[in-house]
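Chain identifiers are assigned alphabetically (A, B, ...) following the order of the sequence lines, protein sequences preceding nucleic acid strands; residue numbering begins at 1 within each chain. Values in this document were obtained by computation on a predicted structure and should not be read as measured data.
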Protein chains: 2
Amino acid sequence: MKKPSERQQMILSFIEEFIEEHDFPPTIRDIQYGCDISSTSVVSYNLDRLKESGLLNRHSEVSRGLSLAGQSHRNSSAEPVSIDTVAVPLLGTIAAGSPFPMPENDTWSDLTGQELIDLPQAIIGPGTGIYALKVRGESMIDALISDGDLVIMEQTSVVRNGQMAAVRIKSENTTTLKHYYSEGPRTRLEPANTQMEAMTFRSDDVEVLSKVVAVWRYLG
Amino acid sequence: MKKPSERQQMILSFIEEFIEEHDFPPTIRDIQYGCDISSTSVVSYNLDRLKESGLLNRHSEVSRGLSLAGQSHRNSSAEPVSIDTVAVPLLGTIAAGSPFPMPENDTWSDLTGQELIDLPQAIIGPGTGIYALKVRGESMIDALISDGDLVIMEQTSVVRNGQMAAVRIKSENTTTLKHYYSEGPRTRLEPANTQMEAMTFRSDDVEVLSKVVAVWRYLG
DNA sequence: ATACTTTCCGAACATTAGTGCGGATATTAT
DNA sequence: ATAATATCCGCACTAATGTTCGGAAAGTAT
């Protein structure tokens with residue numbers, strides 16, 4: 001069995017990620033565009049090679065009739081170690097204009113059933129009231145957070161100067177993620193992106209909802 | 001949310017078994033014959049009902065564009081006690097103008113002694129040749145990456161369109177992180193920050209060093 | 001019963017998506 | 001170089017597959 005060519009490896013990983021994202025396999029044309037291949041026949045040709053190599057199952061005349069054969073090539077470079085992890089509930093999404101998702105104060109425990117995300121204790125830190133949000137849209141772009149990012153939040157009403165927090169401007173009824181600077185009667189909110197400008201508000205017009213503990217952006 | 005009808009339940013379980021057996025979803029006609037339904041339109045109708053109930057994901061005008069909504073995770077019976085993690089070596093820092101750090105090809109093994117970072121296997125994915133870099137300075141600001149961020153890289157020389165990668169412009173001898181789009185003889189490099197403008201280069205002037213797998217920003 | 005909603009039927013229709021083929025380019029072996 | 005093989009390219013063709021629509025049946029509420 002020959003080693004698959006570079007293009008074939010790219011196709012293979014494209015299929016893998018496509019399935020991961022969509023839960024169904026790609027079409028030949030999906031692969032064509034995704035891997036920047038000039039013709040469907042080239043894709044078909046390489047799929048046949050991959051099938052010969054036993055790396056792929058292909059059913060002819062069946063749309064999306066692909067599945068990965070070498071299913072379990074687990075971790076190859078490192079030994080799996082078990083470490084302490086915390087299960088963080090994914091509470092929802094942030095999007096422009098939408099109310100900011102927060103854990104209900106009545107029952108923090110009924111989060112069971114929500115989707116959970118395992119994160120290593122070490123990188124989360126010791127905080128409590130941790131939850132995660134998925135970002136939708138580019139509304140947080142000035143906080144260097146883009147569509148699809150996962151934001152790890154910690155519920156709190158006080159933050160130190162300079163920390164990034166979800167703050168609500170009462171008078172405008174808007175919520176965004178900004179760096180927070182309390183300056184006596186005024187509060188300055190500064191985007192993470194230094195190319196954007198800061199704004200100041202009356203301190204009693206600003207309400208801190210949660211602080212940002214971490215941002216995770218998975219691109220694959 | 002109403003309870004699905006008998007026929008809808010049958011369709012749902014058929015889809016489940018079909019995927020179990022084939023690793024890809026059925027067509028409307030597969031369902032039609034499998035559930036002994038007289039018309040494709042009836043299947044389509046009930047699929048819409050199931051989608052409304054939130055039990056099924058359906059993508060219109062996509063063949064086999066079905067997936068079960070209920071199960072978010074593959075493994076159904078595993079206990080979430082300990083998770084697999086990989087130790088990722090922290091190879092160095094990225095800064096403006098500095099040569100891009102890469103693992104030495106001679107000895108991948110002498111990374112011992114380097115600082116290691118434990119990351120969950122699940123969020124890293126199955127890739128090999130993974131390493132991490134710490135960002136210094138704001139040189140990557142247009143890729144939505146700021147000072148102190150941890151960038152998880154995977155060594156590769158080929159990336160697909162749309163992926164973020166570390167690319168080197170040979171003629172300028174510079175290296176940056178950009179979204180990569182191959183367009184035949186030209187290659188377009190697009191910042192993650194949509195407020196910045198894309199640039200195009202001759203394809204043979206662009207060398208792909210690594211692709212960005214993930215970005216981790218810890219703020220605490 | 002009457003009206004209203006849900007579900008079903010069939011059959012044509014429109015896209016989507018896999019295949020085939022002649023010939024051009026690479027790549028490798030002799 | 002020459003030949004042999006592996007890949008790639010467009011493009012047309014066709015099978016696979018989702019959609020639409022008028023109308024019939026079945027089920028529910030008034």
Legend entry - Under the side chain to side chain donor-acceptor pair (under 3.5 Å) test, residues paired with A:R168 that sit two or more places apart: A:N173, A:E207
Inset, instruction - Indicate yes or no for a side-chain donor-acceptor contact from B:S39 to the backbone of B:S41 under 3.5 Å, with no hydrogens or angles considered. - result: yes
Inset, instruction - Check side chain to side chain donor-acceptor pair (under 3.5 Å) between A:S60 and all other residues, then give those that pass, not counting sequence neighbours. - result: none
Legend entry - Separation of D:dC8 P from A:L47 CG (nearest whole Å): 12 Å
Legend entry - salt bridge (Lys or Arg N to Asp or Glu O under 4.0 Å) contacts in which one or both residues fall within residues 26-43 of chain B, not counting sequence neighbours: B:D30-B:R64
Legend entry - d(CG, B:N46; C1', D:dG18) in whole Å: 15 Å
Inset, instruction - Find the distance B:Q32:CD to D:dT17:P and express it as a whole number of Å. - result: 12 Å
Inset, instruction - Determine yes or no for a side-chain-to-main-chain donor-acceptor pair under 3.5 angstrom, with A:Q8 supplying the side chain and A:L47 the backbone. - result: no
Between the protein and nucleotides 17-19 of chain C, which nitrogen or oxygen pairs come in under 3.5 angstrom?
{"unit_1": "C:dA17", "atom_1": "OP1", "unit_2": "A:R64", "atom_2": "NH2", "d": "2.5"}
{"unit_1": "C:dG18", "atom_1": "OP1", "unit_2": "A:R64", "atom_2": "N", "d": "2.8"}
{"unit_1": "C:dG18", "atom_1": "OP2", "unit_2": "A:I28", "atom_2": "N", "d": "2.8"}
{"unit_1": "C:dG18", "atom_1": "O3'", "unit_2": "A:E61", "atom_2": "N", "d": "3.2"}
{"unit_1": "C:dG18", "atom_1": "N7", "unit_2": "A:R29", "atom_2": "NH1", "d": "2.9"}
{"unit_1": "C:dG18", "atom_1": "O6", "unit_2": "A:R29", "atom_2": "NH2", "d": "2.9"}
{"unit_1": "C:dT19", "atom_1": "OP1", "unit_2": "A:E61", "atom_2": "N", "d": "3.0"}
{"unit_1": "C:dT19", "atom_1": "OP2", "unit_2": "A:R58", "atom_2": "NH2", "d": "2.5"}
{"unit_1": "C:dT19", "atom_1": "O4", "unit_2": "A:T40", "atom_2": "OG1", "d": "3.3"}

Legend entry - Protein-nucleotide distance (B:R7, atom CZ; D:dA25, atom P), rounded to Å: 16 Å
Inset, instruction - Starting from P on C:dT6, measure out to CG on B:L50 and report it in whole angstrom. - result: 15 Å
Inset, instruction - Scan B:S38 against the nucleic acid and name what it touches under 4.0 Å (heavy atoms): base, sugar-phosphate only, or nothing. - result: sugar-phosphate
Inset, instruction - Note down the inter-axis angle between the two ends of the helix from C:dA1-D:dT30 to C:dT30-D:dA1, five pairs each, to the nearest 10°. - result: 40°
Inset, instruction - Tell me, please, which residues at least two apart from B:R7 pass side-chain contact (heavy atoms from CB on, under 4.5 Å). - result: B:S5, B:I11, B:I37, B:V42, B:N46
Legend entry - B:M10: side-chain contact (heavy atoms from CB on, under 4.5 Å) partners, not counting sequence neighbours: B:C35
Legend entry - Side-chain N or O of B:Y45 closer than 4.0 Å to phosphate OP1/OP2 of C:dC8: no
Inset, instruction - Please identify each residue that fulfils side chain to side chain donor-acceptor pair (under 3.5 Å) with B:E17, with sequence neighbours left out. - result: none
Inset, instruction - Starting from P on D:dG18, measure out to CG on B:L56 and report it in whole angstrom. - result: 12 Å
Legend entry - With A:D48 via salt bridge (Lys or Arg N to Asp or Glu O under 4.0 Å) - residues at least two apart: A:R58
Legend entry - Euclidean distance, atom CD of residue A:Q8 to atom P of D:dA6 [Å, nearest integer]: 12 Å
Inset, instruction - Rounded to the nearest angstrom, tell me the gap between atom CZ in A:F24 and atom C1' in D:dA16. - result: 16 Å
